[in-house]
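Accompanying notes for the structure given below.
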Amino acid sequence: METVTFKVGGMTCGHCQRRVQDALTNIDGVSKASVNLEKGEATVEYDDFKTSADVLKKAVADAGYEV
């Protein structure tokens, strides 16, 4: 298991926070995702045999947020 924390820009409310978290937790291999609205960052625990940090960041960008 790997853990990565990265900045997420463009979140302005709880709905944004939830949308980013849902985008991350829906990825196969993600065991835990925590999104902090105030800090503007996401911390994700994932299986590096099933996914990668690049895939996680792309999912956040595809949801409409800056990484």
Side-chain angles (χ1 to χ4, degrees):
M1 294 301 264
E2 294 285 328
T3 302
V4 65
T5 299
F6 53 89
K7 292 288 186 184
V8 178
M11 294 188 299
T12 58
C13 64
H15 175 75
C16 296
Q17 178 182 9
R18 185 71 186 164
R19 187 169 175 185
V20 171
Q21 188 161 335
D22 287 348
L24 292 167
T25 56
N26 286 331
I27 297 171
D28 186 38
V30 171
S31 60
K32 182 180 178 184
S34 176
V35 180
N36 187 312
L37 177 63
E38 293 168 0
K39 289 185 177 181
E41 60 185 29
T43 301
V44 186
E45 187 175 305
Y46 64 96
D47 182 340
D48 59 337
F49 289 107
K50 292 184 177 182
T51 192
S52 68
D54 289 339
V55 171
L56 302 174
K57 291 176 181 180
K58 183 177 181 329
V60 172
D62 288 349
Y65 301 91
E66 299 169 10
V67 180

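One-based numbering along the sequence shown. Model, not experiment: these values are computed from the prediction.
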**Message:** Between D22 and R18, does any NZ, NE, NH1 or NH2 come within less than 4.0 Å of an OD or OE carboxylate oxygen?
**Reply:**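 Looking at R18 and D22, the cut-off is met.
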
**Message:** I'd like to check L24 versus L56 (side-chain heavy atoms, cut-off strictly below 4.5 Å). Are they in contact?
**Reply:**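 Of all side-chain heavy-atom pairs linking L56 with L24, at least one is under 4.5 Å.
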
**Item:** F6 side chain reached by V60 side chain, heavy atoms, under 4.5 Å
**Value:**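 The answer is yes; the side chains approach within 4.5 Å.
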
**Message:** Could you check whether any side-chain N or O of E45 sits under 3.5 Å from a backbone N or O of S31, counting only pairs where one atom can act as donor and the other as acceptor?
**Reply:**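 Absent.
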
**Asked** Has the side chain of T43 got a donor or acceptor atom that lies under 3.5 Å from a matching backbone atom of S34?
**Response**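 Not a single qualifying donor-acceptor pair exists.
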
Distance in Å, [X] [atom1] paired with [Y] [atom2], rounded so as to fall on 0.5 Å steps:
{"X": "K58", "Y": "I27", "atom1": "NZ", "atom2": "CD1", "result": "10.0 Å"}
{"X": "D28", "Y": "K50", "atom1": "CG", "atom2": "NZ", "result": "5.0 Å"}
{"X": "K39", "Y": "M11", "atom1": "NZ", "atom2": "CE", "result": "12.0 Å"}
{"X": "M1", "Y": "D48", "atom1": "CE", "atom2": "CG", "result": "9.0 Å"}
{"X": "Q21", "Y": "N36", "atom1": "CD", "atom2": "CG", "result": "10.5 Å"}

Give me the atom names and distance for the closest heavy-atom approach of [X] to [Y].
{"X": "C16", "Y": "G10", "answer": "SG-O, 4.3 Å"}
{"X": "L37", "Y": "G14", "answer": "CD2-N, 4.0 Å"}
{"X": "V8", "Y": "Y65", "answer": "CG1-CB, 3.9 Å"}

